[in-house]
Number of protein chains: 2
Amino acid sequence: MPGTPSFDDERFTQFGMLVEGYQQVVRALEDTLKSDCDLSMPWFEVLLRLGRSPEYTLMMSELAAQLGVTSGAVTRLIDRISAAGYVSRQACDEDRRVQWAKLTPAGIAKLEQAAAVHLSDLDREYFGRLSDREVSAVSKAMDELRQPLGTGL
Amino acid sequence: MPGTPSFDDERFTQFGMLVEGYQQVVRALEDTLKSDCDLSMPWFEVLLRLGRSPEYTLMMSELAAQLGVTSGAVTRLIDRISAAGYVSRQACDEDRRVQWAKLTPAGIAKLEQAAAVHLSDLDREYFGRLSDREVSAVSKAMDELRQPLGTGL
DNA sequence: GATCAATGGTTGATGTGTCAAAGATTTAGT
DNA sequence: ACTAAATCTTTGACACATCAACCATTGATC
């Protein structure tokens, strides 16, 4: 009977569970990061990636790869973050196509504060709400989903 | 030693697993939905919610609630989708503040096609890559995260 | 029944993302 | 060495989200 198509298929619901739970947690994390540190999640991610890199420095394209976004997105993100004084751009002498993004001292200070805040947010919103077993199960499943299909064809 | 702050805390990594796995799957789903049906995920979500509703119809604000976005977002989304002919707006006589969004026949047809495509995408990108046990574990965990904190204070 | 708060929707400003095109520079191939 | 391909970044056009302000309308209070 094609009169009632499969708009209520259980798989939609099941996957919707993942989507809603994920979005709920991410939204809560974004809210507290915003109110406590005045940082959006993309800004925090940039600071964190740079904070983990030697010299607090990354190429624009490497930053894009780590963030999982296009280089165009990073160009504008760094425009805004550098206007706020947390990062600076600098040219590369060996390859004059590349631009380095580097944390400023203000950026390092901001990251130190924000990382602590974010860790406690993570504890409250994620780790504190699941058992260790659940966290492991989720991590393992997501790790399996992480690499795209067809890499070994 | 404050020289090396906790930018590499394991919790960042663990949660990053969830973020990356989730984004990977969602991106794959969006790509195939786009290439096979020429629908973005927000458009598909709108069609699906309307397709499940009596008369294929919902108030703007109810649609916003189901999608988990603001009413402003829905206003513009329906602007675009109705320009494509998949939904129509219609005024409400009982309460002249409300606008109904209703699937057109073209919208119903599109949804029927897209729902089938999306279900098979879901099988390939999500259900096919995890065991039943893993899917259950993820769904259970995400369901627990779904309701915001502080609802029972 | 006049006022005032709550509700439903739209709009303007802005942040964040995409894609595709363009620019500059480097690397490879003959 | 010179042309051609690949790489890095930026830019323009646009999709999609937020917030805050605003307008209309409804409902509740006095």
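In what follows, every chain begins at residue 1, and chains take the letters A, B, ... in the order their sequences are listed.
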Quick check: any donor-acceptor pair below 3.5 Å linking the side-chain of A:Arg96 to the base of C:dT25? no
Is it true that B:Arg89 and B:Asp79 make a salt bridge, defined as a side-chain N closer than 4.0 Å to a carboxylate O? yes
Which whole-number value in Å describes the distance from [X] [atom1] to [N] [atom2]?
{"X": "A:Asp38", "N": "C:dG15", "atom1": "CG", "atom2": "P", "answer": "12 Å"}
{"X": "A:Leu58", "N": "D:dT9", "atom1": "CG", "atom2": "P", "answer": "11 Å"}
{"X": "A:Arg89", "N": "D:dT10", "atom1": "CZ", "atom2": "C1'", "answer": "9 Å"}
{"X": "A:Trp100", "N": "D:dT10", "atom1": "CH2", "atom2": "P", "answer": "14 Å"}
{"X": "A:Ile81", "N": "C:dG15", "atom1": "CD1", "atom2": "C1'", "answer": "11 Å"}
{"X": "A:Asp79", "N": "D:dT9", "atom1": "CG", "atom2": "P", "answer": "13 Å"}
{"X": "B:Gln23", "N": "C:dT16", "atom1": "CD", "atom2": "C1'", "answer": "13 Å"}
{"X": "A:Met41", "N": "C:dG17", "atom1": "CE", "atom2": "P", "answer": "12 Å"}

With the side chain of [X] defined as its heavy atoms from C-beta on, choose the nearest nucleotide among [options].
{"X": "A:Met59", "options": "D:dC8, C:dG9, C:dG8", "result": "D:dC8"}
{"X": "A:Pro42", "options": "C:dT26, C:dG17, C:dG8", "result": "C:dG17"}
{"X": "A:Gln99", "options": "D:dT10, D:dT18, D:dT25", "result": "D:dT10"}
{"X": "A:Arg76", "options": "C:dG8, C:dA24, D:dA13", "result": "D:dA13"}
{"X": "A:Leu77", "options": "C:dG9, D:dT9, C:dG17", "result": "C:dG17"}

Contact under 4.0 Å: [X] side-chain N or O vs [N] OP1/OP2:
{"X": "A:Arg27", "N": "D:dT18", "result": "yes"}
{"X": "B:Thr75", "N": "C:dT11", "result": "no"}
{"X": "B:Ser71", "N": "C:dT10", "result": "no"}
{"X": "B:Thr70", "N": "D:dT18", "result": "yes"}
{"X": "B:Arg80", "N": "D:dC16", "result": "yes"}
{"X": "A:Ser61", "N": "D:dT9", "result": "yes"}
{"X": "A:Trp43", "N": "C:dG15", "result": "no"}

Classify the ring geometry between A:Phe44 and A:His118 as parallel (under 30°), tilted (30 to 60°) or perpendicular (over 60°). tilted
Mind telling me whether A:Tyr126 and B:Phe15 have parallel, tilted or perpendicular rings, with 30° and 60° as the class edges? perpendicular
Between B:Val74 and B:Asp93, name the one whose nearest nucleotide on DNA chain D is closer to the 5' end. B:Val74
Got a second to check how far A:Met142's CE is from B:Leu130's CG, nearest 0.5 Å? 7.0 Å
Is any side-chain heavy atom of A:Trp43 less than 4.5 Å from a side-chain heavy atom of A:Val46? no
For DNA chain C, whose closest nucleotide is more 5', that of A:Asp95 or that of A:Gly68? A:Gly68
Establish, from distance only, whether the side-chain atoms of A:Gln24 and A:Glu20 form a donor-acceptor pair under 3.5 Å. no
